[in-house]
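Below is one structure; the comments refer to it alone.
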Amino acid sequence: MAQTYDFRSVERKWQQRWEERALYRAPDDDGREKYYVLEMLPYPSGDLHVGHAKNYSIGDAVARMHRMLGFNVLHPMGWDAFGLPAENAAIARGIDPNVWTRENIANMQRQIRLMGTSYDWSREITTCDPAYYRWNQWLFLRLYERGLAYKREAPVNWCPHDRTVLANEQVIDGACWRCGHAVERRNLSQWFLKITDYADRLLDDIDELDGWPERTKTMQRNWIGRSTGAQFAFAVEHSDRKIGVFTTRVDTVYGATYLAIAPEHPLVTHIVTDKQRNAVEQFVESLRSKSELERTSLMEKAGVFTGAYAVNPLSHERVPIWVTNYVLAEYGTGAVMGVPAHDERDFDFARKHGLPIAQVVVEPGSDLETPLAAAFVTDGRLIASGDFTGMSSERARSAITERLHALGAGEATKNFRLRDWLVSRQRYWGTPIPIVYCDRDGEVAVPDDQLPVRLPANVPITGEGSPLARDADFINTTCPKCGGPATRESDTMDTFFESSWYYLRYIDPSNEHVPWSAEKVAQWAPVDQYIGGAEHAVLHLLYSRFFYKFFHDQGWVAGPNEPFTRLFHQGFVLYNGEKMSKSHGNVVGIDETAETNGVDAMRLFLLYVTPPEDTGDWTDEGISGRVRFINRVWRACEPFLERAGKTSLADLPPVETPAEKELLRAVHVAAKSAMDETGSRRFHYNATIAKFDEYVNALTTLEQNAPDSVAVAYAVHALPVLIAPFAPHIADELWERMGHARSVHLEPYLRPDERALALDELTLVVQVNGKIRARLQVAPGISEEAALELALAQGGVQAQMDGKHLRKRIFVPDKLLNLVAN
RNA sequence: GGGGAAAUGGCGGAACGGUAGACGCAGCCGCCUCAAAAGCGGCCGGGCAAAACUCGUGUGGGUUCAAAUCCCACUUUCCCCACCA
């Protein structure tokens, strides 16, 4: 009587054993080729559910495959431990954020171990450890020294609910990415990182990211948003002031009939006439409190005439200056020339306010002015444009730009949608920004030997104002330069700062002298395969690329200047078609699943239910299919273990019957699938696992008909090797019971053997005019002539060929014969 | 408004120019059992009692000896950006 498989005790046993033996340590100096596979580090929110488990199941399968293929695999794990939820727990329940975070980490670490994942825990990092955030501060100071970290007052995104500012990337549809509240605009003095200095390189280098999903690259391109054009100035009439404008359509400059400036434009108060002052001030005031969302997508175009006029530097025409709600202060120069004939927005605005519409570009070939029902926005031929009349738009753009340059009025330039990264946060649970303010010396960097600036404990967190600003012991300090009294910066860093470089710290996690040693990084970086959610396309993934390019410029990393060679976005997991959420009480947790189904079955199901990049639906019926599979594997192997262990996997066993050959073929088809899905980086292990189903079905069948066959023993022996990356516990248990002393995870993966994949007999499809009329069972390598002879003997083929003349034959060896006849 | 991805049985999906629907889930029939569960065997796109035949991969065209697969247009869904001049 076969024993039933007790997944609970087996899974527990192997998790302990692997850890005792440090089976997944990645040694630094090693002759093998390196492979760095990384899953995005989790925020320790409390409990893991099967959605997290999907991410780790993919990464772990990839890591285990590569280990068995002979690579030295670096597969680390850590904790993105600073952030607002810890602080909100403190506000709501009076728990110390540090205690809350540490408890969550302990629990989630237990759960990740419970999954039997192959992480090298000796490299674990926790970003809220002073030993980690010290290097955050150190890196901030290096950015500061090079002018890439700076403080300035600017209109910023303010979330009234989370009571902090947000980076542009963290505002989604005008709302806070974390809590969903509408974001307000405030003028505040804040720390920024000058990511815009890297805008060109961040954009251009996307072309070389062959291993990244197209949509992610497109999102980054859109987000960076480079536009090339010209910047030039209109002189303000009766004044020595000038208003700069940026345009991508300088060919339409003769069609400018007004100037539109942003309400925050610094010249507004200077140029407005006394008569218009009241109206303009009211208009500006009405917009000041509006959120970005209200000011842009939701509002109609509006504006007020300033009373002032500007002079077009080329046509010398006099045009009115309007303050409008549709020009952004933060982009370009904060002012645009209004060309209603050739810009949809300007057309709208001109219609509404009765401004003239002057067409200066016409359809090429027609050369006739057409009455405009809408803006004519495509390129064409210039009319009424002085010396430039008759030129194509394209030629005019360079000619006009040259003229503006010659006149000293302007030049070719480019603008980016990307803004500098706002990294200050008015919150407690983050890395303190290592700057002090001194009455005598101003802004002073904390010297390296005084790092880390420690985050004080026991700070009251009420949700009102910046907690650190109220902590006198923390705030009051002495100036590192003059020794006089000084105050510390009370803001902390955006948590995306620490996650922009953590992948390098895993390489050298306990270095106390530098964030990482250049030699070790040269050995391991960049990350070969990165796995994580698509929601970070313009957040973490953009910031990390910026940091890595900076590190590269400093000579701290060598080789490619991109941190992640290949990127894979896993899909979500739904439960019965619905999004899992705590409030709906429909979260499928890892603990319950491990207890009721086992983690091997859970991992197999997560990989099997859909291709990994797609959204998968967790159902109780679905997981039971994989539980059945695990049990089938056990029952198919258990009675044959002793014999199986004595067979050799180094070569194919001698077999005779078609059923035996079929089983060997099923073994090697599965091996080939696992190899192909790994090598192609498609990771469609759903297809591989389906091949395991066929493998075990074929094995079970042969066991019933010919239990003594050497093919049975061979197939049983090979099974744990092949499923090890996907169901690691049962694999090692079977392997051990076969008499092997060493873990199956140290074995080489079984390479598919062409001889086993070859068929003795195959189906050759016979088509007449592209329609299937017969299927022939033939030996491989059958000649075209022999196939034709057999085909013409088929009744179905004869019926179709009757009375027709064979005009052409298409023969695909071992696949099909198509007879074209009429 | 601009851009990206996708559409295959009751469901998830397989097939990456050459046998559509592998594999699994659900369902139906049978075996085993006193019975149930588990397990095992069979059926499972539509039309037909069945075979033959025929229709069939969102819709319409095209390329090809041959299209789920390549191209064009449309429809729908999802995602991203969105007054960026």
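All values reported here derive from a predicted model rather than from experimental measurement. In what follows, every chain begins at residue 1, and chains take the letters A, B, ... in the order their sequences are listed.
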Per A:V812 side chain, nearest of listed nucleotides B:U19, B:G18, B:A85: B:G18
For atom CG of A:N222 and atom P of B:C81, their distance in whole Å: 9 Å
Sugar-phosphate, base or nothing in reach of A:I810, heavy atoms under 4.0 Å: base
Separation of A:R221 CZ from A:E214 CD (nearest 0.5 Å): 6.0 Å
Sugar-phosphate only, base, or nothing, as touched by A:Y608 at under 4.0 Å among non-hydrogen atoms: base
A:E613 side chain to A:H684 side chain, donor-acceptor N/O pair below 3.5 angstrom: yes
Position toward the 5' end of RNA chain B (nearest nucleotide), A:L762 or A:A690: A:L762
With sequence neighbours excluded, residues passing side chain to side chain contact (heavy atoms under 4.5 Å, CB included) with A:A396: A:D251, A:L382, A:M391, A:I400
Touch class at under 4.0 angstrom, heavy-atom based, for A:G625 against every strand present: sugar-phosphate
Length of the line joining A:R809:CZ and B:A66:P, which is rounded to integer Å: 18 Å
Output field: ring centroids A:F692/A:F629 closer than 6.0 Å: no
Protein-nucleotide distance (A:R419, atom CZ; B:A82, atom C1'), rounded to Å: 13 Å
Base-pairing assignment for B:A35 (Watson-Crick or G-U wobble, both under 3.5 Å): none
Rounded distance in Å - CZ (A:F605) to P (B:C11): 16 Å
Nearest-Å distance once atom C1' is located in both B:U19 and B:A67: 15 Å
Out of B:G18, B:C25, B:G13, whichever nucleotide has its closest atom nearest the side chain of A:D614: B:G13
Audit row: A:T678, A:Y685, side-chain hydrogen bond (donor to acceptor under 3.5 Å, both in side chains) steps and yes/no: CA-CA 8 Å; A:T678 304; A:Y685 294 127; 2.7 Å; yes
Pair partner, B:G1 [Watson-Crick or wobble, under 3.5 Å]: B:C81
Return a table of donor-acceptor pairs under 3.5 angstrom between the side chains of residues 409-422 of chain A and protein atoms on other chains or two or more places apart.
{"from": "A:K414", "atom 1": "NZ", "to": "A:D200", "atom 2": "OD1", "distance (Å)": "3.3"}
{"from": "A:K414", "atom 1": "NZ", "to": "A:D200", "atom 2": "OD2", "distance (Å)": "2.7"}
{"from": "A:R417", "atom 1": "NE", "to": "A:N222", "atom 2": "O", "distance (Å)": "3.4"}
{"from": "A:R417", "atom 1": "NE", "to": "A:W223", "atom 2": "O", "distance (Å)": "3.2"}
{"from": "A:R419", "atom 1": "NE", "to": "A:R417", "atom 2": "O", "distance (Å)": "3.1"}
{"from": "A:D420", "atom 1": "OD1", "to": "A:I195", "atom 2": "N", "distance (Å)": "3.3"}
{"from": "A:D420", "atom 1": "OD1", "to": "A:T196", "atom 2": "N", "distance (Å)": "3.1"}
{"from": "A:D420", "atom 1": "OD1", "to": "A:T196", "atom 2": "OG1", "distance (Å)": "2.6"}
{"from": "A:D420", "atom 1": "OD2", "to": "A:Y150", "atom 2": "OH", "distance (Å)": "2.5"}
{"from": "A:W421", "atom 1": "NE1", "to": "A:D494", "atom 2": "OD2", "distance (Å)": "3.0"}

A:S227 side-chain N/O to B:A85 phosphate OP1/OP2 under 4.0 Å: yes
Touch class at under 4.0 angstrom, heavy-atom based, for A:T763 against every strand present: base
side-chain N/O A:R628 vs B:C25 OP1/OP2, d < 4.0 Å: yes
Phosphate OP1/OP2 of B:C55: any A:K771 side-chain N/O under 4.0 Å: yes
Selected nucleotide, minimal atom distance to A:K808 side chain, candidates B:G12, B:A14, B:C65: B:C65
Minimum-distance nucleotide to A:M219 side chain [options: B:A85, B:G24, B:C80]: B:C80
Nearest listed nucleotide, side chain of A:R635, among B:G12, B:C40, B:C25: B:C40
Minimum-distance nucleotide (side-chain atoms of A:P611 versus B:U19, B:C40, B:A14): B:A14
Approximate separation, where rounding is to 0.5 Å, of A:E535 CD and A:M40 CE: 7.0 Å
Spacing of A:Q767 atom CD relative to B:U64 atom P, expressed in whole Å: 17 Å
NZ or CZ of A:K301 within 45° of A:Y326 ring axis and under 6.0 Å: yes
Base orientation of B:G9, syn vs anti, 90° cut from 0: syn
Touch class at under 4.0 angstrom, heavy-atom based, for A:R626 against every strand present: sugar-phosphate
Phosphate OP1/OP2 of B:A85 contacted by A:Y331 side-chain N/O (<4.0 Å): yes
Interatomic distance, A:E214 CD vs B:C79 P [rounded to whole Å]: 20 Å
Nearest-neighbour nucleotide for the A:A687 side chain, B:A85, B:A14, B:C81 considered: B:A14
Phosphate contact (B:G24 OP1 or OP2) by A:N697 side-chain N/O below 4.0 Å: yes
B:C40: pairing nucleotide in any strand, Watson-Crick or G-U under 3.5 angstrom: B:G30
5′-ward residue of the pair A:V538/A:D693 relative to RNA chain B: A:D693
Under-4.0 Å side-chain N/O to phosphate OP1/OP2 contact, A:N686 with B:A14: yes
Nearest-Å distance for atom pair CG/C1', residues A:L607 and B:G13: 15 Å
Any strand: nucleotide that pairs with B:A7 via Watson-Crick or wobble, under 3.5 Å: B:U75
Under-4.0 Å side-chain N/O to phosphate OP1/OP2 contact, A:R215 with B:C78: no
A:F246 side chain, from C-beta outward: closest of B:A85, B:C65, B:C53: B:A85
Closest to the A:V820 side chain, choosing from B:A85, B:C65, B:C25: B:C65
Options B:A14, B:C81, B:C23, nucleotide nearest the side-chain atoms of A:R417: B:C81
Nucleotide B:G27, atom P - distance to CD of A:E621 in whole Å: 8 Å
Watson-Crick or G-U counterpart of B:C65, or none if no pair lies under 3.5 Å: B:G18
